[in-house]
Amino acid sequence: MLVPRTPGRLAVLAAAVVLGLVPSAPALAGKAAAPPTPAGRAAAPPATSDRSSADLDALFVGAHPDDEAFTLSTLGQWKEDHDIRTGVVTVTRGEGGGNAVGPEEGPALGLLREAEERTAVAKAGVREVFNLDDVDFYYTVSAPLTDTVWGGDTLEKVVRIVRQTRPEILLTMDPAPSPGNHGNHQQAARLAVEAFHAAADPEAFPEQIAREGLRPFAPARVLLGRARGTSENGPGCASTFRPANPAQNVYGVWSGRASESQGRTWAAIERDAQRVYASQGWAGFPDLPTDPAQLGCDFFTQVDARVPFPAPGTEAAAAPTAILDGALVRPAGGVPLGTLLDLRPSTFDVRPGKAFTVKVSVTAPSREPLGRSAVALRVPDGWKVSGSGDLGRLARGRTGSATFTVTPAGAPGDRVRVAATLTTERGGGYTDRQVEVSPAVRGGQQSLPQVEQYEKWVGALGVPQLRGLVAPVLTLPSGGSREVGVVVTNVSDTTQSGTVRLALPAGFNADRAEAGYSGLAAGASTTVPFTVTNTDTSLKTSNEGGDYAYTITTTSADGSSVSRPALELVPATSIARAASAPSIDGAEGQGEYPGPSLDISRLWEGGACSSAADCSGTAKLAWRDDALYVLVHVKDDVIGARLPASDCKRHWRTDSVEVTLDPRGRSENTSTTFKTAVLPVTAEGPPCVLRDADNRQGPGAPGTRVASSLSSGAYTVEMAIPMEALPGAVDPSRLGLNVLVYDSDTQDRTGQTRIGWSTWGGVQGDPYRWGIATLPGYQPPPGRPTTPPDPVIPDTGLSSLDSPQSLEQAVRIGLPLAGGPAARRSESGWVTSATSTRNAVEVTLRANAAGRAHLFVRDERGTAGSRVVTVANRGTTTVRVPLTRAVDGHPTVVAGWRATAGGTAASRTPVR
């Protein structure tokens with residue numbers, strides 16, 4: 001049987017006592033609730049806060065509204081079955097996304113998307129959404145760019161919310177730069193994993209502890225909301241999951257279970273929640289199968305745990321409560337909640353025959369002894385273990401530890417578990433860690449810049465279990481050459497020498513098959529270069545089959561290691577010089593484009609074209625003087641929504657053509673590239689052009705000329721792009737190029753299909769996967785810089801002070817806004833009364849210092865009036881808030897306060 005946690009439980013972690021956290025008040029032990037504010041009275045700055053209202057059991061950390069949308073069946077089950085209270089951290093409000101329901105953009109779109117999110121997550125019983133007010137910009141696959149744009153305080157805000165809300169479970173997204181994985185999603189996940197460690201560290205953001213009265217808090221478990229592997233649908237989806245890495249702990253929660261209160265599967269409830277995101281075009285999501293046997297699991301991959309958890313392969317590990325066990329639910333036979341269990345190998349890279357140590361520590365809950373306790377170590381077959389696991393008697397809050405010596409065996413490259421089982425007088429437990437069997441010297445293909453940065457993050461944070469999630473790839477133009485570096489790392493404790501050998505597939509060769517290295521010091525790395533050429537231009541490129549695996553064998557004194565990276569072929573072309581400048585008229589004139597025609601009909605995202613008539617295309621390019629000319633002919637039997645020219649932005653919502661250019665062919669992300677898109681037709685008729693997700697957002701670059709023509713079942717777009725508009729001088733030997741087509745067959749401002757020339761998932765944000773063009777005879781003007789200018793990136797996001805829903809939540813749970821600090825009591829301001837007058841509400845404010853008040857008149861229908869007021873001095877101020885409509889029901893005034901010295905507060909009072 002399962003024993004759920006009790007409502008008034010102590011903190012899970014005996015080593016991190018959880019205290020109440022409130023604005024402008026010292027931390028108080030326990031979780032006692034403060035008396036509620038009497039009805040009909042305004043809330044003054046509180047000396048205490050309702051601790052239970054801010055306390056969470058689980059917290060999901062995402063980047064945008066809707067990022068949590070595919071975990072809601074799980075969160076709903078947890079809430080209904082075990083009263084697990086989950087909150088959601090959303091770093092941005094998604095202002096950079098599309099809008100399928102109206103013209104709102106920027107902060108207005110952020111307000112709309114926040115409302116969608118709150119409505120959607122409520123279907124799973126989630127009430128708390130913490131928006132951090134970081135800016136949402138364009139789609140990127142770069143976590144480093146995301147980190148730069150968001151700024152340096154985002155982790156501090158996440159840690160503050162963790163310390164305030166004290167969740168035992170952290171859920172998040174995928175931190176790895178897997179192809180197509182949104183860089184914002186990567187960064188949100190990295191913040192969550194970092195917060196798992198930092199929130200428990202008193203030396204991390206110490207001002208939160210010294211000035212704000214917060215206390216360190218250590219969540220029990222952190223998991224990614226995705227998994228790499230395969231599974232079967234139906235109620236056995238969790239038990240049939242087979243991870244790509246067999247040492248990973250992956251848990252599944254079946255979405256086919258029916259809600260007792262709603263009488264429908266949780267998958268169907270989740271789908272209803274997803275449809276709430278109408279601004280993102282999700283309102284039309286299709287129904288899911290009604291047969292539960294056709295429904296699968298939500299999967300979660302564990303990154304770290306401080307408490308016991310179900311052993312892999314057991315019935316408990318496949319149960320819907322597997323993630324809760326040990327943290328929020330005590331399984332039958334398990335140790336009491338609050339027991340800490342930790343296993344630490346002395347190294348992640350272990351070598352056959354070379355001993356290493358493993359330390360296992362156990363801490364009893366602060367109010368319950370474990371009695372006589374012991375741990376036993378589990379290792380793979382053939383490994384040797386020595387050492388005693390006796391921990392003696394563990395009294396309340398006491399820690400015992402045992403150290404084992406382990407000598408591994410096995411083949412290099414294996415990722416395996418080292419596990420510990422705990423037995424006590426009060427129950428048992430399990431934990432494990434991954435280690436990797438490594439040869440003395442490891443060799444692997446050089447990483448892409450984003451992957452290299454990710455691996456450095458993994459190493460710096462000390463989470464080697466997240467290493468190697470991205471398959472190593474490098475791109476190569478069809479018929480072209482590139483240098484491929486093999487990074488050789490000595491993981492032994494002695495100097496090593498040996499060789500590196502490449503075994504390439506047919507159609508590729510290298511300048512040498514083998515090369516040596518020597519004198520490589522312990523712990524050091526070196527790069528052995530090879531020049532690889534694609535010799536068979538008939539080989540497929542892009543996602544039609546352009547991945548070509550090969551073998552790297554690296555030898556050393558005690559053996560060899562083998563890795564299997566891949567080369568990815570991208571298409572290549574030559575752009576010819578036109579005899580004269582083409583006329584930009586939406587038609588191909590005789591001899592205007594002397595070069596080859598590019599096939600831009602390859603699918604890269606969305607549903608496949610039903611036929612060539614549905615969506616297909618060709619493109620031609622030419623250059624003349626200092627301009628690039630592009631002609632794109634698209635077959636399209638249904639024209640999508642005709643947007644007003646003023647709504648040209650976010651071209652993926654309807655039919656459009658996008659041309660992407662990387663001047664030097666080496667950009668890490670699109671902030672150093674040029675991307676321009678054309679809507680072939682608008683509501684007014686003529687085409688419109690814009691720049692998006694590149695070095696400078698907004699209208700088409702100065703000097704860009706565009707024309708289009710429509711015919712039955714087709715359209716043509718033609719453009720002239722001045723090369724001086726590109727962010728840097730063009731390298732005529734390797735211009736990064738892509739031509740992409742977005743196809744919509746509906747009038748609801750949503751696209752269904754994306755085709756193009758160089759096609760991979762997420763390719764619009766991946767310059768390294770664009771094709772390569774040469775421009776024979778072209779030379780950029782002397783003095784044109786090759787270094788791109790600093791990018792111009794949208795930097796306007798909605799402030800939580802301007803979100804009445806965020807303010808209402810802040811009042812309800814007694815926490816400051818946007819993950820920031822609370823205004824000090826001596827600097828606070830709040831509403832004391834509100835009186836209805838003709839076409840307005842008179843609001844009285846009380847301020848302890850100067851600040852700025854954001855006032856909203858609210859009723860059942862939403863906001864009926866608002867005003868922002870600057871308060872120059874302490875004291876009482878009365879202001880009029882004009883109404884935009886008559887109010888209904890029982891209106892209130894909700895107020896946000898920004899102190900001049902920093903910090904926020906929120907208050908509310910009824911309108912009389």
Side-chain angles (χ1 to χ4, degrees), residues 23-24 37-47 93 106-108 110-112 114-115 131 133 796-818 820-912:
S24 306
T37 302
R41 288 182 52 191
R93 284 183 174 83
L111 195 63
L112 172 64
E114 178 186 349
N131 296 104
D133 293 2
T796 303
L798 180 71
S799 166
S800 289
L801 288 162
D802 294 320
S803 166
Q805 288 186 294
S806 289
L807 295 175
E808 288 165 344
Q809 174 179 296
V811 172
R812 175 168 51 81
I813 66 175
L815 293 180
L817 298 164
R824 295 174 181 267
R825 186 181 182 88
S826 61
E827 298 163 353
S828 235
W830 64 99
V831 292
T832 61
S833 65
T835 304
S836 180
T837 65
R838 185 177 181 181
N839 299 324
V841 173
E842 287 193 353
V843 179
T844 301
L845 292 162
R846 174 70 185 174
N848 289 339
R852 195 172 180 88
H854 298 243
L855 307 173
F856 299 86
V857 179
R858 299 277 285 173
D859 62 11
E860 288 84 353
R861 290 193 287 155
T863 299
S866 64
R867 184 177 177 185
V868 179
V869 179
T870 298
V871 177
N873 301 295
R874 64 173 300 171
T876 300
T877 304
T878 299
V879 298
R880 284 173 58 86
V881 178
L883 296 176
T884 57
R885 59 171 173 81
V887 295
D888 295 333
H890 304 283
T892 63
V893 169
V894 62
W897 178 264
R898 167 73 72 183
T900 301
T904 63
S907 58
R908 180 171 53 192
T909 191
V911 177
R912 301 181 189 277

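Along the sequence shown, residues carry numbers from 1.
Applying side-chain contact (heavy atoms from CB on, under 4.5 Å) to Val893 and the options Leu845, Val911, Thr835 leaves one that passes, Val911.
Taking the side chain to side chain contact (heavy atoms under 4.5 Å, CB included) definition, one finds that Thr837 meets it with Ala840, Glu842, Arg880, sequence neighbours left out. Applying the salt bridge (charged side-chain N to carboxylate O under 4.0 Å, His left out) test to Arg885 and every residue at least two apart in sequence or in another chain returns Asp859. Residues that satisfy the side chain to side chain contact (heavy atoms under 4.5 Å, CB included) test with Ala108, not counting sequence neighbours, are Glu104.
Side chain of Thr892 to main chain of Val894: no donor-acceptor pair is present (N/O by atom type, distance under 3.5 Å, no hydrogens or angles). Of the possible donor and acceptor atoms, none in the side chain of Asp133 sits under 3.5 Å from a partner among the backbone N and O of Gly797. Between the side chain of Thr884 and the backbone N or O of Ala864 there is at least one donor-acceptor pair closer than 3.5 Å. No side-chain donor-acceptor contact under 3.5 Å links Ser800 to the backbone of Leu817.
Across Ser828 and Ala905, no two heavy atoms sit closer than the pair OG-CB, 3.6 Å. Scanning both residues, Pro107 and Thr796, for their nearest heavy atoms gives CG-CG2, 3.6 Å. Taking all atoms of both residues into account, the shortest heavy-atom contact from Trp830 to Asn848 is CZ3-ND2, 3.6 Å. Shown here for Val868 and His854, the closest heavy-atom pair between the two residues is CG2-ND1, 3.6 Å. Across all their heavy atoms, Ser826 and Ala849 have their closest contact at O-CB, 3.7 Å.
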Could you go through residues 803-811 and list every donor-acceptor pair under 3.5 Å that involves a side-chain atom there, pairing it with any protein atom two or more places apart or in another chain?
{"from": "Ser803", "atom 1": "OG", "to": "Glu114", "atom 2": "OE1", "distance (Å)": "2.7"}
{"from": "Ser803", "atom 1": "OG", "to": "Glu114", "atom 2": "OE2", "distance (Å)": "3.0"}
{"from": "Ser803", "atom 1": "OG", "to": "Ser806", "atom 2": "N", "distance (Å)": "3.1"}
{"from": "Ser803", "atom 1": "OG", "to": "Ser806", "atom 2": "OG", "distance (Å)": "3.2"}
{"from": "Ser806", "atom 1": "OG", "to": "Arg93", "atom 2": "NH2", "distance (Å)": "3.1"}
{"from": "Ser806", "atom 1": "OG", "to": "Glu114", "atom 2": "OE2", "distance (Å)": "2.8"}
{"from": "Glu808", "atom 1": "OE1", "to": "Arg858", "atom 2": "NH2", "distance (Å)": "3.3"}
{"from": "Glu808", "atom 1": "OE2", "to": "Arg858", "atom 2": "NE", "distance (Å)": "2.9"}
{"from": "Gln809", "atom 1": "OE1", "to": "Arg118", "atom 2": "NH1", "distance (Å)": "2.8"}
{"from": "Gln809", "atom 1": "OE1", "to": "Val129", "atom 2": "N", "distance (Å)": "2.8"}
{"from": "Gln809", "atom 1": "NE2", "to": "Val129", "atom 2": "O", "distance (Å)": "3.0"}

Return all side-chain donor-acceptor pairs below 3.5 angstrom for residues 869-879, not counting sequence neighbours, or 'none' if the list is empty.
{"from": "Thr870", "atom 1": "OG1", "to": "Arg852", "atom 2": "NH1", "distance (Å)": "2.6"}
{"from": "Thr878", "atom 1": "OG1", "to": "Thr844", "atom 2": "OG1", "distance (Å)": "3.4"}

#### Entry: Verdict with reasoning, Leu111 to Asp802, per side chain to side chain contact (heavy atoms under 4.5 Å, CB included)
CA-CA 8 Å; Leu111 195 63; Asp802 294 320; over 6 Å; no
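For residues 894-903, no pair satisfies side-chain hydrogen bond (donor to acceptor under 3.5 Å, both in side chains), with sequence neighbours left out.
Between atom OG1 of residue Thr904 and atom CG of residue Leu815 there is a gap of 10.0 Å, rounded to the nearest 0.5 Å.
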